[in-house]
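As structure tokens, the structure follows; a few thoughts come after it.
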Amino acid sequence: MEPEYKSKYNAHLIKVILVLIVLGVGGIAAQALFIPSDFGEYGHYRTGAVEDEINRLVRNQTNESCLKCHPFIKKIHLGGVHKTVSCEFCHGPNADHAVDEKKIADMPVKRGKDIKTLCLRCHNKIIRARPEESIKMIAMPQHLEEKRVQTTHICNQCHHVHAPMKWVIEAKKAHGLIKEKEGLFPWMN
Amino acid sequence: MDELKLSEIREEIQKDRRAFIKNVLGGTIAGSLLMVIPAGAMEFPEQIPGMQDETGIFITRKKFAFIVDITRCIGCGSCCVADKNEYKVPEGNYRTWVERYIIDDHDNVFVDAPNGGLDGYTEPREDVPNPVRDTFFVPKLCNMCEKPSCVQVCPVGATFQTEDGFVLVDDKRCVACSYCVQACPYSVRFINPVTKTADKCTWCYHRVRKGLLPACVNVCPTHARKFGDLNDKKSEIYKIMRLPHIISVLKHGMGNKPSLHYLGLRREVV
Amino acid sequence: MQGVAETATAVAGYAFPNDFHVHWSLMIVLYPYITGIVAGAFIVSSLYHVFHIQALKPIARFSLLFALAFLACATLPLLNHLGHPERAMNMFLTPNPSSAMAGFGYIYTAYGIVLILEILFIYRETLVKLKDQASGFMKNVYGVLSMGSDNIGARALALDHKVIGFLAAIGIPMACILHGYVGFIFGGVKANSLWATPLMPVIFLLSACVSGIAGIIVTYLIIKPRAADSECIRSCIKFLWGFFILDFVFEMLEIGMHAYLSTHHWHALHELFWGPLYQSYWIYQVLIFSVIPFFILMGLSLIRFNDFIVKLFGFIASAMILFQVLLMRWNVVIGGQLMSKSEQGVVSFHPEWIAKEGIIPAIIIMVLPLIILFILSKVFPFWLPAESESSSSK
């Protein structure tokens with residue numbers, strides 16, 4: 001009645017189940033092989049990733065790192081109201097300039113109109129959102145008119161960029177408008 | 001000020017090392033820290049006291065918090081510049097940015113952040129019709145959530161929270177599916193077009209681990225960005241958190257519990 | 001933009017500076033579209049194999065192969081989207097238990113296995129017979145596909161029948177999980193007020209059924225415009241209308257509920273729906289491609305027209321619904337990203353034709369399943385006059 005078949009009636013089902021088992025075991029073996037050995041030590045991540053992050057290159061350093069090699073600028077910079085201003089904000093990151101205290105490239109020094117743009121990033125009065133008490137604000141060109149100088153003047157013609165009031169104070173001292181030892185901003189001393 | 005004798009500085013340190021360093025940072029003693037740390041002993045000055053003793057895989061004795069004082073921010077964008085330099089952040093993506101808020105006397109809120117504040121704010125906003133009631137800058141960065149959505153959704157364990165509370169990205173495992181970018185309520189994440197992996201502010205984990213302050217904190221001229229240890233009773237962070245200031249976090253209702261706090265935050269800020 | 005994300009343009013208000021990127025673009029629109037078609041087609045087949053809807057018998061086998069052809073392409077848009085497709089296996093190696101997305105690899109694989117096995121068991125008797133008639137390479141192909149057994153005796157076929165019943169039964173919840181889960185991926189993003197609703201998986205699931213049934217009707221009528229079984233088409237249309245009522249009503253309930261609650265979420269959503277999404281949502285998705293096919297299907301279901309009218313308008317309505325579901329995917333996936341998380345600004349986005357994730361790659365990915373279906377038709381006969389003798393039916 002039943003024709004003769006080469007395979008048993010359930011041969012295909014057994015084969016399918018075997019294939020699935022092989023796939024499953026293969027998958028588990030692949031997991032063991034390919035998951036990084038430091039994965040999951042502290043959480044669901046690779047511990048090495050923390051080390052990778054720690055070892056990232058520090059590109060911006062501190063003013064101390066810069067001033068160590070620039071004693072002349074250091075004297076001026078730390079003596080003025082700009083001492084909290086970062087060297088690298090204006091000049092770029094130290095990592096592009098020095099490696100192990102050896103110079104590898106020149107730092108950009110801003111000149112001309114760029115200086116004015118830079119100064120106004122902080123000191124522009126017309127950006128009204130600035131809290132008034134924190135730093136000195138000026139409006140351009142009213143400030144130049146008030147000081148009776150040409151409106152084409154660039155900030156650093158009167159202000160030393162590292163110590164903005166340095167020349168102003170020196171001029172005032174020379175004219176006897178203020179006493180020696182006394183700065184314009186006594187609270188800065 | 002420079003003429004402080006080396007012996008005097010040493011004496012000062014003996015008295016109170018932390019207070020001394022704080023004074024140096026605050027500019028009260030504007031001397032070089034490197035003067036007191038023998039050359040070659042450490043690569044960097046220790047801006048965060050005690051950090052260079054933390055040599056384990058995680059920081060164990062400190063709990064860091066970040067405070068942004070929006071009453072001090074002048075929107076100069078120094079932080080954005082430092083951040084871009086530190087990480088070479090590709091154009092059009094922002095690990096940190098500074099927003100300008102203007103609120104008029106009809107309670108209309110005007111916000112902008114051209115190029116994320118990277119180029120500073122050079123022009124006043126002209127399209128505010130009514131008299132201005134309040135105006136301020138709001139720096140934004142990773143909120144370093146205690147319950148981070150990005151870590152929850154990352155399918156492969158490429159973004160994770162370390163045991164010291166920092167949320168980091170493993171750029172060797174990230175597949176750049178962008179799910180974390182969608183999940184972050186603060187939009188601080190992006191897909192870095194150079195590495196083609198998720199990227200975000202890490203509070204400069206690599207700097208902090210070396211004892212340095214985050215790059216943006218280090219350059220902030222008005223001290224609007226503050227970073228420190230909540231376990232250190234002498235840190236400014238600790239003191240601020242215990243004073244009756246208006247301290248708030250962003251999108252409190254999201255339930256992410258940010259470690260980034262804002263001092264003087266207005267209710268209009270999202 | 002050469003990066004992974006595509007760039008959007010500002011429309012109104014203030015958007016966070018990182019929100020000018022649309023990270024999930026056309027590829028992620030296609031992915032739920034394709035898996036939805038897979039799940040829907042499988043459900044058509046199950047209506048016959050499990051629920052014994054006899055009218056659907058002519059397309060019961062076809063719809064499984066239709067599902068397989070699309071399932072084979074479901075991962076393509078994802079791989080094309082990933083910044084690091086070579087790391088895609090990380091999904092299998094280190095799936096994060098807390099991630100809604102991490103289960104995808106396993107759910108997709110499990111569902112693929114169930115679908116392939118169900119096809120092989122249903123077709124086994126046919127394949128064994130085809131193997132006997134074939135020669136050369138095809139003989140080997142049929143040998144492998146018939147799972148290395150030539151036994152089509154009564155006992156073997158009875159066993160097959162049991163296995164088919166089992167696979168079809170677990171296949172339904174798995175198809176629902178596969179697609180409900182895609183909805184969960186979106187619904188679980190709490191930062192996005194368009195996506196974060198518990199209704200999201202429900203809407204995805206219902207629209208999946210709708211797109212699967214509509215896809216089957218359209219391809220069936222294209223392959224056999226005259227010979228298509230009209231009773232089968234009529235039942236398909238009734239099922240399509242039924243699922244579409246639920247789908248459309250839920251879609252409208254979701255937005256209605258948002259509007260009525262009127263929380264801060266709604267203020268952002270309002271800007272979106274009446275801003276960059278106005279045309280693609282209200283005009284196209286709702287007015288043209290939902291309301292019109294809704295009434296066509298209603299007419300075809302309630303009034304007995306002649307076969308030609310049923311086939312013609314059934315085809316038109318199904319094609320429109322296929323497009324409606326694509327629009328819905330677009331409006332959900334892209335729409336959600338057009339709202340900045342600043343809650344005070346929206347951006348707009350237009351896909352490019354030639355880009356890694358542009359319109360051309362999208363068309364290629366949508367044509368590919370049809371090519372696969374054509375190849376499958378050379379191996380698996382879709383329509384068998386002798387199907388009534390097959391043990392897969394009851």
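Here is how names work: the chains are called A, B, and so on, in the same order as the sequence lines, proteins then strands, and each is numbered from 1.
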Should C:His21 and B:Val181 be marked as a side-chain contact (heavy atoms from CB on, under 4.5 Å) after you check the CA-CA gap, both sets of side-chain angles, and the distance that decides it? CA-CA 10 Å; C:His21 303 292; B:Val181 181; over 6 Å; no

Mind listing the closest non-hydrogen atom pair of B:Trp97 and C:Asn18 along with its distance? CZ3-ND2, 3.8 Å

Atom CG of C:Leu261 with >12 non-hydrogen neighbours under 6.0 angstrom: yes

Between B:Gly117, B:Gly255, B:Cys184, the one whose heavy-atom pairs under 4.5 Å with chain C are most numerous: B:Cys184

Top contributor to chain C contacts, counting heavy-atom pairs under 4.5 Å, from B:Ala183, B:Ala113, B:Cys154: B:Cys154

With a 4.5 angstrom heavy-atom cut-off, is it the side chain or the backbone of B:Ser149 that approaches chain C, or both, or neither? side chain

Donor-acceptor pair, C:His81 side chain versus B:Ser178 backbone, under 3.5 Å? no

Is the count of non-hydrogen atoms from other residues, nucleotides or ligands lying under 6.0 Å from C:Phe184 atom CZ greater than 12? no

So does C:Lys190 have more than 12 non-hydrogen atoms from other groups sitting under 6.0 Å from NZ? yes

With a 3.5 Å distance limit and no angle check, can you tell me whether B:Tyr179 reaches the backbone of C:Ile185 through a side-chain donor-acceptor pair? yes

Donor-acceptor pair, distance only, cut-off 3.5 Å: does the side chain of C:Trp24 make one with the backbone of B:Gln182? no

Chain C contact via B:Phe110 - side chain, backbone, both or neither, heavy atoms under 4.5 Å: neither

Applying a heavy-atom distance below 4.5 Å, give me the residues of residues 87-109 of chain C that approach chain B, sorted by number. C:Arg87, C:Ala88, C:Asn90, C:Met91, C:Leu93, C:Thr94, C:Pro95, C:Asn96, C:Ser98, C:Ser99, C:Ala100, C:Met101, C:Ala102

Let's test your reading of the structure: which of B:Tyr186, B:Phe190, B:Tyr94 forms the most heavy-atom pairs below 4.5 Å with chain C? B:Tyr94

So does C:Gln279 have more than 12 non-hydrogen atoms from other groups sitting under 6.0 Å from CD? no

Under 3.5 Å donor-acceptor, C:His84 side chain and B:Asp171 backbone: no

Give the member of B:Leu250, B:Thr195, B:Val153, B:Val269 that has the highest number of heavy-atom pairs under 4.5 Å with chain C. B:Val153

Pick from B:Cys174, B:Pro114, B:Gly157, B:Gly116: which one has the most heavy-atom pairs with chain C under 4.5 Å? B:Cys174

Taking atom CD1 as the centre, does B:Ile246 end up with more than 12 heavy-atom neighbours from other residues, nucleotides or ligands that are less than 6.0 angstrom away? no

So, the part of B:Val188 with a heavy atom under 4.5 Å from chain C: the answer is backbone

Taking a cut-off of under 4.5 angstrom between non-hydrogen atoms, the residues of residues 334-343 of chain C near chain B are C:Gln337, C:Lys341, C:Ser342, C:Glu343

Counting only non-hydrogen atoms closer than 4.5 Å, does B:Tyr101 touch chain C with its backbone (N, CA, C, O), its side chain (CB onward), both, or neither? side chain

